[in-house]
Chemist: 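Okay, here's the structure, questions in a sec.
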Amino acid sequence: SPEQEDMRKNALEFSAAGLARLKTLQNLDGSFVWWPGTGKGDPSMTAVVLVLLSSLENPEALKSLDAPRALGWLKAQVPEGGSSLGVAITYVESRLKVLGLSPEPGGTLEAMLRFQADWVKAHGTVLDESLFLLALKGFAFDTKPGLDRMAKDFLTDVSGAVNAYLDGAVPDPKKWTPLLGDWPRYPGRLPSTLSVAARALHDYGRLDAAATRKLSQRLLASFDGRHFGSTFETSGVLVHSAWLLKDSMRAAHALPRPRVTAGGQEIAPAKLSVREAPGGVEVSVDPAEAASGPITVTGSGDDVILRARVTREVPLDQAPAVPGGWNLKKEYFRLNAKTGALGPLEGRVRIGDLVYVKLTFKPRAGALPWWSSSYYALSDEIPAGLSVVEEDKVYDGAPCHLSLHAALYTTRDIRSDRIRWTFAFERNWMDRAYQTGYVLRAQYAGDFATGVARLEDFYDESLYSQTASRRVGVDPLPDRPRK
């Protein structure tokens, strides 16, 4: 259909844009960084990129990024194979061999695989066992004497864990993903790990029709209509579930039309706009109908799982505060650059006046789930009539002492309409408070909405804290008397 063709075209364009973005994150030595311009390569980031791209059947992306060079850099940084990161590297090596991007492995491969098999058996998670099984299959070592027995043991372990999960058992994250173990910077959670495990079982012929059906339902239950929890989770699920998606598409059928109510009353079809979107349908409700009360969405059908996401648009200056897990706060102060004096911003300012915006946050104990990552982004919207003073280190010292750069952010990006910081915390970062901020200069007269500041997990936009908005008034300079 024309809509499906548009989706396909958009997907190709997004893929090309994503690959171009990845190239901006790659150093000359092949390594990848988390943010452009940060210099030294990061082993976790490099491994994540290679694991995802090598899992595709098309090698073109790997070729354009010179994956063998990137893998060479990664192996030099992680010479010890006995780790979750080491197992991931072995998996990437096996995939490059399968895709014809690397020569046949040398004589030390079998010894390394036997060493890693012992490590995985003693310390490995479900993800480690699954990636190791896929590596054995890729190297065609799954029938080697000794390794074949280990493969059977791992298949038994993975099959037991997957079937228990699919039957409703609550999985122990520590046994499934290395995020809570020896690879704390790994961004994967349960849906992507389940997809890797299911792919291993499928490739070894150990996933029957009943388990496949339960797998589809479990993955659908993890999908919110847009993603599986984060960009990485979505990528991991899709690349490792390609075999499942192909089978499902052969039996695809039309989605049932949802039933939408507002204030308990069903909304007439004429008052709804329903558009099919990737993974579901997008419904827009007539504002007059939406004002009737809470909106609910119901629907049913074979192999359909309802995950309704209801959002309401409000004027920017009415956006509410959302404490979330960090209790982010934003305060405005008048700043006297000569004396360093600060006073709460009450009333209006004049063109040329300085305004100090103070942002503070501290994670609340027990408020963050186990999968919360080490990477966070903080952003704030700039009022239209004011601009950020970019050369602001002078305000860190006397007489102001604002500590604008004390939060140890990784990057800061200033635009005309917003300012954005990125942070790479240690996983025990939640025991302290953080403060940052910036200085504004009033440029134009008028009344302006300040927008909201928002701190969110780099890998899960549902884990966020948000401040409320307010308005700031700027008065023109007084007219000078004519001589």
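Position 1 is the first residue of the sequence, and the numbers go up from there.
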Chemist: Using the six-membered ring wherever Trp is involved, compare the ring planes of His240 and Tyr91 and label them parallel, tilted or perpendicular (cut-offs 30° and 60°).
Modeler: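 If you compare the ring of His240 with that of Tyr91, the planes turn out tilted.
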Chemist: Could you tell me the separation between the CG atom of Leu101 and the CD atom of Glu93, rounded to the nearest 0.5 Å?
Modeler: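 Atom-to-atom, Leu101:CG and Glu93:CD are 13.0 Å apart.
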Chemist: Between CZ of Arg218 and OG of Ser195, what distance do you get to the nearest 0.5 Å?
Modeler: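 Between Arg218 CZ and Ser195 OG, I get 12.0 Å after rounding to 0.5 Å.
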Chemist: Salt bridge between Arg420 and Glu381, side-chain N to carboxylate O under 4.0 Å?
Modeler: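 Judged by the 4.0 Å cut-off on N to carboxylate O distance, Arg420 and Glu381 do not form a salt bridge.
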Chemist: Would you call Asp413 and Arg415 a salt bridge, using N to O less than 4.0 angstrom?
Modeler: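 Yes, Asp413 and Arg415 are salt-bridged.
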Chemist: Under 4.5 Å between any side-chain heavy atoms of Tyr375 and Phe423, yes or no?
Modeler: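 No; the side chains remain at least 4.5 Å from each other.
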Chemist: Just by distance, with hydrogens left out, do Asp182 and Ser84 show a side-chain donor and acceptor under 3.5 Å apart?
Modeler: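 Judged by distance alone, the side chains do pair up.
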Chemist: For residues Tyr376 and Trp421, establish whether the separation of their ring centroids is below 6.0 Å.
Modeler: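 Not under 6.0 Å, so no.
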Chemist: Working to the nearest 0.5 angstrom, can you tell me the gap between Lys121 NZ and Phe132 CZ?
Modeler: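 So the NZ of Lys121 and the CZ of Phe132 are separated by 11.5 Å.
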Chemist: Got a sec, which residues hit salt bridge (charged side-chain N to carboxylate O under 4.0 Å, His left out) with Lys23, two or more places apart in sequence or on another chain?
Modeler: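 With neighbours one apart ignored, the set is empty.
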Chemist: Do Tyr464 and Leu328 have side chains that approach each other closer than 4.5 Å (heavy atoms only, starting at C-beta)?
Modeler: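 No, too far: nothing below the 4.5 Å cut-off.
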Chemist: Identify, with sequence neighbours excluded, every residue that meets salt bridge (charged side-chain N to carboxylate O under 4.0 Å, His left out) alongside Lys330.
Modeler: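 With neighbours one apart ignored, the set is Asp380.
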Chemist: Roughly how far apart are Leu215 CG and Arg199 CZ, rounded to 0.5 Å?
Modeler: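 If I round to the nearest 0.5 Å, the distance is 13.5 Å.
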Chemist: Rounded at 0.5 Å granularity, tell me how far CZ in Phe139 sits from OG1 in Thr90.
Modeler: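 So the gap between those two atoms works out to 6.5 Å.
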Chemist: Decide whether Thr177 and Thr193 meet the rule of one side-chain donor and one side-chain acceptor closer than 3.5 Å.
Modeler: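 No.
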Chemist: Centres of the Tyr165 and Trp176 rings: under 6.0 Å?
Modeler: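 Centroid distance Tyr165-Trp176: below 6.0 Å, so yes.
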Chemist: Going by atom types alone, do Gln26 and Ser31 pair a side-chain donor with an acceptor below 3.5 Å?
Modeler: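 Result is no, nothing qualifies.
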Chemist: Ring of Tyr204, cation from Lys137 - is the NZ or CZ under 6.0 Å from the centre and inside 45° of the axis?
Modeler: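 Verdict for Tyr204: a cation-pi partner in Lys137.
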Chemist: Mark yes when over 12 heavy atoms from residues, nucleotides or ligands other than Lys329 sit less than 6.0 Å from its NZ; otherwise mark no.
Modeler: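 No, the 6.0 Å shell around NZ holds no more than 12 heavy atoms from other groups.
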Chemist: Using distance only, find each side-chain donor-acceptor pair of residues 154-162 under 3.5 Å and give its atom names and separation, not counting sequence neighbours.
Modeler:
| residue | atom | partner | partner atom | Å |
| --- | --- | --- | --- | --- |
| Thr156 | OG1 | Lys152 | O | 3.0 |
| Ser159 | OG | Asn163 | ND2 | 3.2 |

